[in-house]
Structures are given as structure tokens and as C-alpha cells.
Amino acid sequence: MKKILLSGIQPTGDMHIGNYFGAIKQFVDMQDDYECYIMVADLHALTTVQDADALRKNIFNVTATYLACGLDPKKVHLFQQSDMSVHGELTWILNCITTMPYLERAVAYKDKVANGKEASVGLFDYPMLMTSDILLYDPAVVPVGADQKQHVEIARDTAEKFNRIWGETFTIPEPLILESTGIVPGIDGRKMSKSYGNTIPLFGSDEEIDKAVMGIVTDSSGDVPANVYAIHKLFKTEAELAPLYEANKGKYKALKDALAADIKAFIGPMRDRYEEIQANPKIVEDVLRAGGTVVKARAQTKMAAVKKAVGLN
Ligand code: TYM
């Protein structure tokens, strides 16, 4: 029996190379060794995307990205979160054993509030929906970037609490965060993030990639531009980069050109596949429908066990 892996991405806009190296690449690398549940976290996206056409397009694009990056729907259960009504149902039960002060400590929520956002109830409760996403499938591991670590810890705490109150029901999941790519830096050196506007798009055009790379912030103090090098390391080994950076000491433009070329070479085949899928939307529809059917049966069985444990059957 393979161990179970679960993860997901919110369809909130264009994917960037931080999503790829922090999360998607892990899913692809692990798909042969684990029984994988990979979702498009569309209910989570509703906390920020409130334009129906944009949301539909984003859901399509995240699914197309998964496929283009190499997830094989014959091996992996790919599904849309909103197809599983039990995620919302479990969230309610978990809400009833979670305190407000506990959720007030969630960093993602605190950051948004600190940036002057008036939080919706959905944003506040975001970690409990994510907890339900995870616990319903009893995964051993949840591969994510470092920014999601606390959310997986909340899932662990909540599983333990539930099991204490109502008896052994949920597996305690482990976050899987890679040392080298847990925090992929953006073009300004901070964590790459849509909300910071510092991304390199995963499937941008060559011009968009060039523009993002030329925008990488460099300081003029050293031979090696740190932000360029940090991103370059994602695409080439340090041994491969050493002669290039030695030969181009202080030549930031040449190094950026080399980085842009390496990004395009790396992304090219995936981007071609992405464009093929864009031209044939039925691929995405079929994958989500097939994944949804299988996953629904499993999620409902688990939910029935949960209801029995709490006395709702
Ligand atoms: P989201 O959609 O913000 O990001 C998707 C994945 O990309 C990772 N990531 C990064 N990793 C490294 N460096 C970066 N700069 C970077 N930026 C983003 C994120 O850590 C994440 O792994 N709440 C989740 C989605 C979700 C989920 C789940 C994940 C919903 N339910 C259940 C796991 C399990 C989120 O907002 O990810």
C-alpha cells in the first residue's frame, strides 16, 4: 500500500516559478511513490477572486498547469475542491472545536490584516477549510512551500484535538517542505508572491520572462548579483553556474541574459504542452470529471465515518 499525499493550489491568477519549484515539482517527482490527491483549491480562491469568469479561467489554468508540468491523471487524482461538498461540511464541525484566539494567530491572516485588509469570515476561517481538505484523505504527507507550514500545523493540531474528543479518526499529516526551494525568492529578493508583484511567470511569453528577469533587483556592491544567482540556482547546479559567474564578474546584463535563456529552455517544453491544452479544453474537463468521481466516493466514505464519530448519523 502506497502512502497518501495531498496538496493543492489556489486558482487566483497566473502561476509563477515559486509555485512550480515550491509545490508542483514536488508533486510530479512523488507521483509514482505515493497515492496522490491534488486539488484545485477553488473555494479558497473565492476569498480573493470574486469575478466568475476570472475564477472559471483560473480553475482551468491551474488544472492545465498541473498537466503541462507532468502530473499524470492516470496516476494522480486531480480534482476541484468545490466538487466535494464534504470539505465545507467538515469545516463546520472543525469550526466547532476551534477557538477564535487560536485562528487569530495564523500568520497569513495576520499579514493581510496588518496590510490594512478588512478580513472576511472566509479569510479568517481559511485554515479550517484547508484542514478539512487535508484530513478527509488521511495523507501521510502534504508537500507545500514554507509559507503553508503553519496551515499544515493547524491541520495537525486539529486532527489531534478531534481524535482526543471523538476517538481515533484522522491521520496526523506531515508537511513536506524542501530546504532548497521552500522559499523561492522573487525579483526583489523577497519571497516570490503574486501579492508582492515580484513574480516570474511560469508560462509567460519570452518577452514577459525577459522583462521579469531584467527587473531583478541588483546592487552594485559585489561581483555576483545575489538575487540573480538565487533564482539561477533553481535552473542550474552551482557547479554549472560557477564558470559562468566567474567569467562574467560584475556583468549583470550578461548574467541576466544567461538566466533568461536558461528559464526559457527549461520552461519551453512545458509551455508548449500548456498551449496545446489551452487549444483543447476538453482535456481539462475530462480530467476533472474523472478525478471528481473517484475522489467524491472516497471523501464521502470518510465523512460518513466522521459523522458517526461525532454522533450525527
Ligand atoms: P497557494 O495557492 O498560495 O500556493 C500554492 C503552492 O505554492 C507554494 N508557493 C511557494 N513555494 C516556494 N516559494 C514561493 N515563493 C512560493 N509561493 C507559493 C505554496 O507554499 C503552496 O504550496 N492554502 C494553499 C492551497 C491549499 C492547500 C490545501 C495546500 C488549499 N488547500 C491543502 C495543501 C493542502 C495556498 O494558498 O497555496
Side-chain angles (χ1 to χ4, degrees), residues 4-28 30 36-49 55 58-59 61-63 65-66 69 77 79-82 84 87-88 90-91 94 106-109 111-112 122-123 125-156 158-159 173-202 212 227 230-231 233-234 295 299:
I4 297 171
L5 174 158
L6 177 133
S7 197
I9 294 184
Q10 289 189 83
T12 47
D14 290 335
M15 303 276 97
H16 53 71
I17 63 169
N19 298 127
Y20 177 77
F21 286 103
I24 302 173
K25 185 171 182 298
Q26 292 205 68
F27 312 161
V28 174
M30 296 170 84
C36 296
Y37 291 82
I38 304 291
M39 88 189 130
V40 181
D42 53 359
L43 294 173
H44 278 116
L46 267 183
T47 59
T48 48
V49 183
L55 184 57
N58 292 345
I59 292 167
N61 286 347
V62 170
T63 316
T65 301
Y66 283 151
C69 292
H77 302 297
F79 68 103
Q80 208 176 323
Q81 182 187 32
S82 61
M84 308 302 145
H87 289 217
L90 178 58
T91 300
L94 301 182
V107 178
Y109 161 77
D111 279 357
K112 287 199 176 129
L123 180 67
D125 203 31
Y126 185 112
M128 299 321 290
L129 178 59
M130 181 158 160
T131 294
S132 302
D133 297 341
I134 296 171
L135 298 187
L136 274 168
Y137 302 90
D138 288 310
V141 293
V142 181
V144 283
D147 59 355
Q148 296 297 316
K149 184 166 188 257
Q150 192 191 29
H151 287 153
V152 182
E153 280 162 0
I154 291 175
R156 290 170 59 87
T158 308
E174 281 292 338
L176 264 192
I177 299 164
L178 295 181
E179 177 90 26
S180 55
T181 53
I183 304 176
V184 172
I187 62 170
D188 57 0
R190 293 185 294 168
K191 185 195 83 160
M192 186 173 289
S193 165
K194 275 168 267 195
S195 45
Y196 296 156
N198 64 355
T199 62
I200 297 179
L202 181 55
N227 293 335
I231 296 174
K233 267 198 318 194
L234 300 165
V295 174

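Excluded from the calculations below are hydrogen atoms, water molecules and symmetry mates; all remaining heavy atoms, backbone and side chain alike, are included. Read the numbers this way: they start at 1 and go in the same order the structure lists the ligands and their atoms.
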Original post:
Which of the atoms of ligand 1 are close to K191, meaning less than 4.0 Å from one of its heavy atoms?
Top reply: 15 (N)
**OP:** Any atoms of ligand 1 less than 4.0 Å from a non-hydrogen atom of L6? List them with their elements.
**Re:** 32 (C), 34 (C)
Subject >> Distance from atom 10 (C) of ligand 1 to nearest protein heavy atom, with residue and atom >> reply: G18 O, 3.4 Å
Original post:
Is it the side chain (CB and beyond), the backbone, both or neither of M192 that lies under 4.0 Å from ligand 1, heavy atoms counted?
Top reply: both
Original post:
Hey, does C69 have a side-chain heavy atom less than 4.5 Å from the side chain of Y20?
Top reply: yes
Subject >> Closest approach of any protein heavy atom to atom 12 (C) of ligand 1, naming residue and atom >> reply: G182 O, 3.1 Å
Original post:
Got an N/O contact under 3.5 Å between Q10 and ligand 1?
Top reply: yes
**OP:** Note the single closest protein heavy atom to atom 18 (C) of ligand 1, along with its residue, its atom name and the distance in Å.
**Re:** N19 ND2, 3.4 Å
Original post:
Closest approach of M128 and T91, non-hydrogen atoms and distance?
Top reply: O-OG1, 3.8 Å
Subject >> S7 (side chain) donor-acceptor with P143 (main chain) under 3.5 angstrom >> reply: yes
**OP:** Taking Q26 for its side chain and L176 for its backbone only, find out whether a donor-acceptor pair lies under 3.5 Å.
**Re:** yes
Original post:
Quick one: does S193 get a heavy atom under 4.0 Å from ligand 1?
Top reply: no
Original post:
In terms of atom number and element, which parts of ligand 1 are under 4.0 angstrom from non-hydrogen atoms of H44?
Top reply: 30 (C), 31 (N)
Original post:
Where is the nearest protein heavy atom to atom 37 (O) of ligand 1: which residue, which atom, and how far?
Top reply: Q148 NE2, 3.8 Å
Subject >> Close N or O approach (S7, ligand 1; < 3.5 Å) >> reply: no
**OP:** Could you tell me whether the side chain of L5 reaches within less than 4.5 Å of the side chain of I38, counting heavy atoms only?
**Re:** yes
Original post:
Considering only the protein, which heavy-atom contact is closest to atom 29 (C) of ligand 1, and what is its distance?
Top reply: G8 O, 3.4 Å
Subject >> Short N or O distance, G145 and ligand 1, threshold 3.5 Å exclusive >> reply: yes
Subject >> Contact atoms of ligand 1, heavy-atom distance to D147 under 4.0 Å >> reply: 18 (C), 19 (C), 20 (O)
Subject >> Side-chain touch Y126/K112, heavy atoms, less than 4.5 angstrom >> reply: no
**OP:** Inspect the surroundings of NZ in K25 and state if more than 12 heavy atoms from other residues, nucleotides or ligands are less than 6.0 Å away.
**Re:** no
Subject >> A23 neighbourhood, listing ligand 1 atoms whose heavy-atom distance to it stays under 4.0 Å >> reply: 6 (C), 7 (O), 22 (O)
Original post:
Only one of V295, D138, D133, L136 forms a side-chain contact (heavy atoms from CB on, under 4.5 Å) with Y37, so which one is it?
Top reply: V295
Original post:
So how far is it from M39 CE to Q10 CD, rounded to the nearest 0.5 Å?
Top reply: 10.0 Å
Original post:
Distance from D14 atom CG to I200 atom CD1, nearest 0.5 Å?
Top reply: 14.0 Å
Original post:
Which part of D133 is near ligand 1, with near meaning a heavy atom under 4.0 Å away: side chain, backbone, both or neither?
Top reply: side chain
Original post:
Does any non-hydrogen side-chain atom of R156 lie less than 4.5 Å from one of E174?
Top reply: yes
**OP:** Step through the shown structure and confirm whether more than 12 heavy atoms of other residues, nucleotides or ligands are within 6.0 Å of CG on L234.
**Re:** yes
Subject >> Proximal atoms of ligand 1 relative to G22 (non-hydrogen, under 4.0 Å) >> reply: 11 (N), 12 (C)
Original post:
Non-hydrogen atoms of K194 versus ligand 1: any pair closer than 4.0 Å?
Top reply: no
Subject >> Atoms in ligand 1 with a heavy atom of I183 nearer than 4.0 Å >> reply: 13 (N)
Original post:
Using 30° and 60° as the class limits, which term best fits the ring planes of F79 and Y137: parallel, tilted or perpendicular?
Top reply: tilted
Original post:
Hey, does H151 come in under 3.5 Å of ligand 1, counting only N/O atoms on both sides?
Top reply: no
**OP:** Quick one: look up the protein heavy atom nearest atom 14 (C) of ligand 1 and list residue, atom name and how far away it is.
**Re:** V184 N, 3.7 Å
Original post:
Do side-chain atoms of D188 reach the backbone of N198 as a donor and acceptor pair under 3.5 angstrom?
Top reply: no
Subject >> Distance in Å, L123 CG paired with L129 CG, rounded so as to fall on 0.5 Å steps >> reply: 12.0 Å
Original post:
Any side-chain heavy atom of F21 within less than 4.5 Å of one from M192?
Top reply: no
Subject >> Side chain, backbone, both or neither: V152 near ligand 1, heavy atoms under 4.0 Å >> reply: neither
Original post:
Of the backbone atoms (N, CA, C, O) and the side-chain heavy atoms from C-beta on, which set of T181 has a member under 4.0 Å from an atom of ligand 1: side chain, backbone, both, or neither?
Top reply: backbone
**OP:** Give yes if a backbone or side-chain nitrogen or oxygen of V142 is under 3.5 Å from a nitrogen or oxygen of ligand 1, and no if not.
**Re:** no
**OP:** Check each atom of ligand 1 against the heavy atoms of A41 and keep those under 4.0 Å away; list them by number with element.
**Re:** 30 (C)
Original post:
So, does Q81 sit close enough to ligand 1 that a heavy atom of it is under 4.0 Å from the ligand?
Top reply: no
Subject >> Proximity flag Y126 to ligand 1, non-hydrogen atoms under 4.0 Å >> reply: yes
